[in-house]
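For the single chain, residues carry numbers from 1 onward in sequence order.
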Amino acid sequence: MKKIEHIGIAVNSLETSNDLFEKLLGVAPYKEEEVLSEGVKTSFFKNGPNKIELLEATNIGGPIAKFLEKKGEGVHHIAFAVDDIVAEIARLKAEGFTILNEVPKKGADNKLVAFVHPKTTNGVLIELCQEAPETL
């Protein structure tokens with residue numbers, strides 16, 4: 001894993017939270033996007049070399065809606081940038097981690113993503129991110 005790619009925060013309202021984080025960080029989000037397969041709308045903020053992803057549920061049965069119902073707003077995941085997501089999935093499986101999706105899928109911000117179950121990472125959902133090829 002090369003670096004923390006971003007920190008994902010589940011929010012009830014993207015509009016309200018965008019205003020809050022714009023005031024907090026002093027910058028507007030640089031990107032907003034909907035990921036239909038995950039039932040989520042996202043916005044991204046840059047803070048120096050770091051990124052924050054805000055996530056609002058668009059599907060009441062989706063993972064963000066379930067998280068918000070169970071835990072409320074707050075940190076949802078920590079994402080790490082990787083060069084080879086397939087190799088990293090294999091490495092983590094060999095180390096005994098539970099991978100939630102063993103085949104990378106298209107995520108927000110032009111990334112291929114896979115998730116590591118929080119029950120094997122001290123309660124923190126871990127996302128692996130690799131820049132997606134231009135053909136996706």
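- The CG atom of L24 sits 11.0 Å away from the OG atom of S17 when rounded to the nearest 0.5 Å.
- With respect to E5 and K111, a salt bridge is recorded, a charged nitrogen being found less than 4.0 Å from a carboxylate O.
- Listed for the D84 side chain is a donor-acceptor partner under 3.5 Å among the backbone atoms of A87.
- S43 and L14 make their closest contact through OG-CD1, 3.6 Å (heavy atoms, listed as atom of the first residue, atom of the second, distance).
- Among all heavy-atom pairs drawn from E88 and V82, the shortest one is CG-CG1, 3.9 Å.
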| task | Report the C-alpha distance between L100 and L125 in whole Å, list the side-chain angles of each, state the deciding distance to 0.1 Å, and finish with yes or no for side-chain contact (heavy atoms from CB on, under 4.5 Å). | result | CA-CA 10 Å; L100 292 173; L125 180 64; 3.8 Å; yes
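- Between F115 and I99, every side-chain heavy-atom pair lies at or beyond the 4.5 Å cut-off.
- Taking all atoms of both residues into account, the shortest heavy-atom contact from N18 to E32 is ND2-OE2, 3.1 Å.
- Around CD of E33, the count of heavy atoms belonging to other residues, nucleotides or ligands within 6.0 Å exceeds 12.
- Between atom CG of residue N12 and atom CG of residue L54 there is a gap of 12.0 Å, rounded to the nearest 0.5 Å.
- Expressed to the nearest 0.5 Å, how far CD of Q130 lies from CG of N110 amounts to 10.5 Å.
- For the pair L128 and L92, the minimum side-chain heavy-atom distance is below 4.5 Å.
- Heavy-atom minimum distance, A10 versus F67: CB-CD2, 3.6 Å.
- Cluster membership check: I126 shares its hydrophobic cluster with I89, using side-chain heavy-atom separations under 4.5 Å among Ile, Leu, Val, Met, Phe, Trp and Tyr.
- The number of heavy atoms from other shown groups lying within 6.0 Å of NZ (K31) is above 12.
- The salt bridge (Lys or Arg N to Asp or Glu O under 4.0 Å) contacts involving residues 56-69 comprise K41-E56, where partners must be two or more places apart or lie in separate chains.
- At a threshold of 4.5 Å between side-chain heavy atoms, the hydrophobic network of Ile, Leu, Val, Met, Phe, Trp and Tyr places I52 and Y30 in two separate groups.
- Shown here are the side-chain contact (heavy atoms from CB on, under 4.5 Å) partners of T98, two or more places apart in sequence or in another chain: H117, K119, T120.
- Taking the side chain as every heavy atom from C-beta outward, V124 and V116 never approach each other to under 4.5 Å.
- For the atom pair K51 NZ and F44 CZ, the distance stands at 6.0 Å (nearest 0.5 Å).
- If you chain together hydrophobic residues whose side chains sit under 4.5 Å apart, V86 and M1 fall into the same group.
- The line from CD1 of I9 to OG1 of T42 is 13.0 Å long, rounded to the nearest 0.5 Å.
- E53 and H76 form no side-chain donor-acceptor contact under 3.5 Å, judged by distance and modelled atom types alone.
- Residues forming a salt bridge (Lys or Arg N to Asp or Glu O under 4.0 Å) with K105 (at least two apart in sequence, or on another chain): E38.
- Pairing each heavy atom of I85 with each of P104, the nearest pair is CG2-CG, 3.5 Å.
- The nearest pair of heavy atoms linking S13 to E73 is N-OE2, 4.4 Å.
- Ring orientation note: the planes of F45 and F21 are tilted relative to one another, at an angle of 30° to 60°.
- Criterion: ILVMFWY side-chain heavy atoms under 4.5 Å apart, direct or through other members. Under it, L20 and L25 are part of a common hydrophobic cluster.
- Taking 4.5 Å as the limit, every side-chain heavy atom of P29 sits out of range of all side-chain heavy atoms of K46.
- Cluster membership check: I78 does not share its hydrophobic cluster with V113, using side-chain heavy-atom separations under 4.5 Å among Ile, Leu, Val, Met, Phe, Trp and Tyr.
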